[in-house]
Amino acid sequence: AIALKQEYPIKKGEQGRLIYPSSMVTDKDGNILIADNNGHAIDLYSAKTNDLSVLPTPTGEGALLFPIAVRKARQKIYVADDEGVKIFKENGQYERLLRIHLSVWDFVLGKDGSIYANTAHKAAAESDGLIVKLNPNGEQLSSFGRRLSQPQYNGMDDRVFLESSWPLLFVAFKHRPQVAIYDLTTEKLVREFSIQHPVFSRLEALSKDESFTNPSASAVKLPRYVAGITAVDDRIFVLLHLPQVEIVEFDFLGNEKNRFRSSEVSNVLNYFGLAIQNQRGVLKFYVGGSGVAGDKGSPFLAQFAVATSD
């Protein structure tokens, strides 16, 4: 694997809040937007100034309850919250609420303002697609993609991370080592491929152990394989859910091209996202997580670059 060197981290309480982040995304201006679920806000990190701030959000209908995912397009910020998808201007000024009546895990935005979302279903029907397409007003247009919908997992086995590079939609499954690629113009599956790692065989054994997956009548637990996905140019990057930061690079055909690993950050308990920026031809990797070095309650955002020999 190619070694990654941590350039600097930002931890809870430094500059911004990072109370309990749930997802993050980068924009074309070099900013990283972080949905801070328990912080009830969107944190904004500037790679140019190394500054973390909190976007001002209004009270009333525009207030964020528990934001789960954030995206930015066409000078607008879209946030999946308990009440639906809330839309803000770049400065945090609230515009409107799309009451979609769906619980969203993750979403991406289409070229025409359409929303493609992976939604929660505790008792999904066979006709419920893995991905739901909504128009710019939040009205459902279609759904596509096959769900496993195993009843004992309450829909958890169909939770995915989404990324797009028009017209392709990349779907990385959180609880299985698999990526699916769809053509958004036809809503058809283009290809699927697996992610490899030596530890995954042990995780697969756990997924078949009912004492692990269903420890009690109301509890569901599944092994986690993937923690995030992003696309840069003609490459897909997948963050693995391992104690040590590891990122796998694929081409759009599903061929593994590179594997990046950091020995400096280990013992990560949870991740909230991956963002990559191409800064003058040099890739900068941003990883959000928590639980490093025994500090279980402390989220962090860390920047990495490929290590070079001095």
Side-chain angles (χ1 to χ4, degrees), residues 22-23 25 27 33 35 66-88 95-151 153-176 178-194 226 228-231 234 236 238 250 252-254 273:
S22 54
S23 72
V25 67
D27 68 12
L33 292 89
F66 294 97
I68 188 70
V70 59
R71 296 285 172 174
K72 186 178 178 183
R74 294 173 292 278
Q75 290 77 53
K76 308 288 185 187
I77 298 171
Y78 296 72
V79 182
D81 200 9
D82 278 15
E83 298 170 304
V85 176
K86 294 176 179 177
I87 304 175
F88 301 85
E95 285 199 347
R96 62 179 177 138
L97 166 67
L98 305 180
R99 293 191 181 275
I100 62 175
H101 305 292
L102 294 167
S103 179
V104 174
W105 286 125
D106 197 10
F107 71 99
V108 294
L109 301 165
K111 290 177 66 176
D112 60 353
S114 298
I115 298 171
Y116 297 88
N118 174 236
T119 58
H121 286 274
K122 285 191 175 181
E126 190 173 337
S127 58
D128 291 322
L130 182 70
I131 308 298
V132 174
K133 180 182 180 181
L134 309 169
N135 68 17
N137 294 318
E139 300 164 328
Q140 184 170 336
L141 299 177
S142 62
S143 67
F144 58 93
R146 187 177 68 88
R147 287 178 173 269
L148 291 184
S149 298
Q150 299 181 77
Y153 298 145
N154 292 335
M156 185 183 293
D157 51 335
D158 290 311
R159 182 170 181 175
V160 303
F161 299 99
L162 299 176
E163 175 64 305
S164 64
S165 178
W166 188 264
L168 299 178
L169 175 70
F170 308 110
V171 179
F173 291 85
K174 181 175 183 177
H175 298 292
R176 30 187 157 133
Q178 184 179 8
V179 174
I181 303 178
Y182 292 88
D183 186 328
L184 291 177
T185 62
T186 63
E187 300 184 355
K188 300 296 184 182
L189 179 68
V190 176
R191 66 182 53 88
E192 294 177 296
F193 60 90
S194 297
V226 171
I229 184 171
T230 191
D234 59 350
I236 309 164
V238 178
F250 299 92
F252 285 5
L253 297 177

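- No donor-acceptor pair under 3.5 Å is formed between the side chain of S142 and the backbone N or O of K133.
- Here the shortest heavy-atom pairing between L97 and E83 reads CD1-O, 3.9 Å.
- Distance alone, capped at 3.5 Å, is enough to place a donor-acceptor pair between the S23 side chain and the I68 backbone.
- Note on ring orientation: taking the six-membered ring where Trp is involved, the planes of F144 and Y116 are perpendicular (angle over 60°, cut-offs 30° and 60°).
- With a 4.5 Å cut-off on side-chain heavy atoms, L109 and R74 count as touching.
- Here the shortest heavy-atom pairing between W166 and G110 reads CZ3-CA, 4.4 Å.
- For S194, there are no side-chain hydrogen bond (donor to acceptor under 3.5 Å, both in side chains) partners at least two apart in sequence or on another chain.
- Of the inter-residue distances, the one linking T185 atom OG1 with L168 atom CG reads 8.5 Å to the nearest 0.5 angstrom.
- Looking at I229 and L162, their side chains never come closer than 4.5 Å, going by heavy atoms from C-beta outward.
- A search for salt bridge (Lys or Arg N to Asp or Glu O under 4.0 Å) contacts involving D157 returns nothing, not counting sequence neighbours.
- Salt-bridge annotation for R191 and D183: absent, with no side-chain N of the basic residue lying under 4.0 Å from a carboxylate O of the acidic one.
- Taking CG of D158 as the reference point, atom CD1 of I131 lies at 9.5 Å (rounded to 0.5 Å).
- Partners of K174 by side-chain hydrogen bond (donor to acceptor under 3.5 Å, both in side chains), not counting sequence neighbours: none found.
- Shown here for G254 and F193, the closest heavy-atom pair between the two residues is CA-CD2, 3.4 Å.
- Among pairs with a residue in residues 103-118, those fulfilling salt bridge (charged side-chain N to carboxylate O under 4.0 Å, His left out) read R71-D106, at least two apart in sequence or across chains.
- A pairwise comparison of heavy atoms in S114 and P136 identifies N-CG, 4.2 Å as the closest pair.
- L98 CG to Y78 OH: the interatomic distance, rounded to the nearest 0.5 Å, is 8.0 Å.
- Each of V108, V104, L130, V171 was checked for a side-chain contact (heavy atoms from CB on, under 4.5 Å) with N118, and the lone residue meeting it is L130.
- With rounding to the nearest 0.5 angstrom, the CD1 atom of I181 is 11.5 Å from the CG atom of L184.
- Between D27 and Q75, the closest side-chain pair of non-hydrogen atoms is not below 4.5 Å.
- With hydrogens and angles ignored, the 3.5 Å screen pairs no side-chain donor or acceptor of E95 with any backbone N or O of I87.
- Every residue two or more places apart in sequence or in another chain that forms a side chain to side chain contact (heavy atoms under 4.5 Å, CB included) with R146 is listed here: L148.
- Between Y182 and G145 the shortest heavy-atom distance is OH-CA, 3.3 Å.
- In terms of the salt bridge (Lys or Arg N to Asp or Glu O under 4.0 Å) criterion, E192 has no residue partners (sequence neighbours excluded).
- Remark: the backbone N or O of G138 is paired with a side-chain donor or acceptor of N135 at under 3.5 angstrom.
- Taking NZ of K86 as the start and CD1 of I77 as the end, the distance is 14.0 Å to the nearest 0.5 Å.
- Between T230 and F161, every side-chain heavy-atom pair lies at or beyond the 4.5 Å cut-off.
- The two residues I100 and G84 come nearest to each other via the heavy atoms CG1-CA, 4.2 Å.
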